[in-house]
Amino acid sequence: MPDPSRVIAHLDMDAFYASVELLRYPELRGMSVVIGGGSRQQPRWENDAQGGAPRRVFARLRDYVGRGVITTATYEARAFGVNSAMGLMKAAKKVPDAILLPTDFDEYRKYSRLFKAAVQAIAPQVEDRGIDEIYIDLTELVAARLTPGDESEARRTRETDTWWSAREIALELKLTVRDATGLSCSIGLAPNKLIAKIASELNKPDGLAIITAPEIEARLWPLPVRRMHGVGPKSAAKLGRLGIASIGELAQAEPAWLAQNFGKANAAWMHDAANGRDDRPVVTLSEPKSISRETTFDRDLHPVHDRAQLTRIFSELCAELSSDLQRKQYASKTIGIKLRFENFKTVTRDSTLATPTDDAAEIRRAAGECLKRVELEKRIRLLGVRAGSLLPT
DNA sequence: TCTGGGGTCCTGGGGCTA
DNA sequence: TCTGTAGCCCCAGGACCC
């Protein structure tokens, strides 16, 4: 059983990028909208054919040509079976009339800062988990709000009071996020991060779900293993082949047998997680481990025939990485490259420097050394440069 | 016409050293 | 001095996440 004394919230913004775009283009509300691809799909103004007022014209998914994928989609579009990471060309077959908008990360980051600041004003123990989600440790806040009373009665009702108080705080958080951004979010409340994350998905969008320790069997175990954060498509497929489809079946699997199939550490984690055990703290401060830049070409480039173009892009990536490092005030001791070939095979090479650097020429030189260690026989689809082992400057 | 970009974490192999 | 081994770091690849 997880430690029942903790109260952890997972707050997830609903279809975040799409919702930010709907604030900008309210006329698209209720429609299938897909975000992704390059910047070519900018909406444009056109004069009405009947001579009326100019109107905004949006790109349609059916007209898309290229290699982009869906970053996110409105719930109306998702109903047609399109999802994040699906190729746009494939999505166009499912819902050709969907509106296609380009991503605008500056705008999403702006709203990300707004909702996080709003939450922190009420509950300061916040762990950043990306642009659209956070964990919040509400333990102390809940304890402070519980009114001390008769000891025996307090003990009797402590559990229900705790979750009742947590629920009130969560409703406050949802309101403050809406006030600050105009956007809705979903919150999961639980004794740990793992269950809170699953809970936040249960009543999306604009949801609030509570899973307490005694409810784990009833509410967690019937769910498919894929719902566990950390079990991706590969692990889920392997578990399926071994006859394990639900979280409950995983929870009851023999740990030694799991270890034989998934390795000791991975098996222990999966077994604990399925049983609702997760003592990871809410981490309020963290430093980045690496910073990278990569690009996928419009067409696969030949290492010899397209050498000039490849060299130019390579140098640009190094310069961009250098400026990212300088802006974020880090120097890197490990420079690496990443190549993806036309057959989708990916290779990486790393190089450790004598002294950390944030200098573009030095990064370019080290990345060039890495590149010499790769056999360049196939056409190249993607090129990337990475800075690891970061030190603050 | 498959499959982005920017990350984290884990595993396993190989080299080095105590 | 030789050998075995444990621990550590580096490197490469893979799974996963948003």
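Side chains are part of it too, since the values below use all heavy atoms of this structure and drop only hydrogens, waters and symmetry mates. Within every chain, numbering begins at 1; the chains are lettered A, B, ... in the order of the sequence lines, protein sequences first and strands thereafter.
Taking every nucleotide of DNA chain C with any atom under 4.0 Å from a non-hydrogen atom of chain A, the first and last of them, 5' to 3', are dC10(C) to dC18(C).
Backbone-only contact: Thr295(A) has heavy atoms under 4.0 Å from sugar-phosphate atoms and none from a base. Counting any heavy atom pair closer than 4.0 Å across all strands shown, Lys94(A) reaches no nucleic acid atom. Counting any heavy atom pair closer than 4.0 Å across all strands shown, Lys234(A) reaches sugar-phosphate atoms only and no base atom. At the heavy-atom level, Ala92(A) lies nowhere under 4.0 Å from the strands shown. The residue Gly130(A) sits apart from the nucleic acid: no heavy atom pair falls under 4.0 Å.
Atom CG of Leu88(A) and atom C1' of dG5(B) are 14 Å apart (whole Å). With rounding to whole Å, Phe297(A) atom CZ is found 12 Å from dG4(B) atom P. One interatomic measurement links the two molecules: NZ of Lys197(A) to P of dT8(B), which rounds to 17 Å at whole-angstrom precision. Atoms CD1 (Ile70(A)) and P (dG4(B)) sit 13 Å apart, rounded to a whole Å. At whole-Å resolution of the value, CZ in Arg67(A) and C1' in dC2(B) are 10 Å apart.
Dashed line: the shortest gap from a side-chain N or O of Ser290(A) to OP1 or OP2 of dG6(B) is not under 4.0 Å. The phosphate of dG5(B) has neither OP1 nor OP2 within less than 4.0 Å of any side-chain N or O from Thr71(A).
Here Arg307(A) contributes atom CZ and Leu376(A) contributes atom CG; the two are 9.0 Å apart, rounded to the nearest 0.5 Å.
Heavy-atom distances under 4.0 Å link DNA chain C to no residue of residues 246-254 of chain A. Annotation: proximity of residues 363-393 of chain A to DNA chain C (heavy atom, distance under 4.0 Å) is found for Arg373(A), numbered in ascending order. Using a 4.0 Å cut-off on heavy atoms, the residues of residues 341-348 of chain A that approach DNA chain C are Val347(A), Thr348(A), listed by number.
Annotation: cation-pi pair Arg78(A)/Tyr75(A) present, NZ/CZ under 6.0 Å from the ring centroid and within 45° of its normal.
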Cut-off 3.5 Å, no hydrogens considered: what does the side-chain donor-acceptor table look like for residues 109-126 of chain A, sequence neighbours left out?
residue, atom, partner, partner atom, Å
Arg109(A), NH2, Asp106(A), OD1, 3.0
Ser112(A), OG, Lys116(A), NZ, 3.1
Ser112(A), OG, Ile131(A), O, 2.7
Lys116(A), NZ, Asp128(A), OD1, 2.6
Lys116(A), NZ, Gly130(A), O, 2.8

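With respect to the salt-bridge test (charged N to carboxylate O, under 4.0 angstrom), the residues Arg312(A) and Glu316(A) qualify. Using a 4.0 Å cut-off between charged nitrogen and carboxylate oxygen, Glu21(A) and Arg24(A) count as a salt-bridge pair. Ion pair Arg55(A)/Glu27(A) not flagged as a salt bridge, since none of the NZ, NE, NH1 or NH2 atoms sits closer than 4.0 Å to an Asp/Glu carboxylate oxygen.
A donor-acceptor contact closer than 3.5 angstrom is absent between the side chains of Asp359(A) and Thr357(A).
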* So what's the dot-bracket for DNA chain B: Watson-Crick or G-U pairs under 3.5 Å, [ ] if a pair crosses, | if it pairs off-strand? -> ....||||||||||||||
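Between the P atoms of dC2(B) and dC16(C), the separation comes to 24 Å (whole Å).
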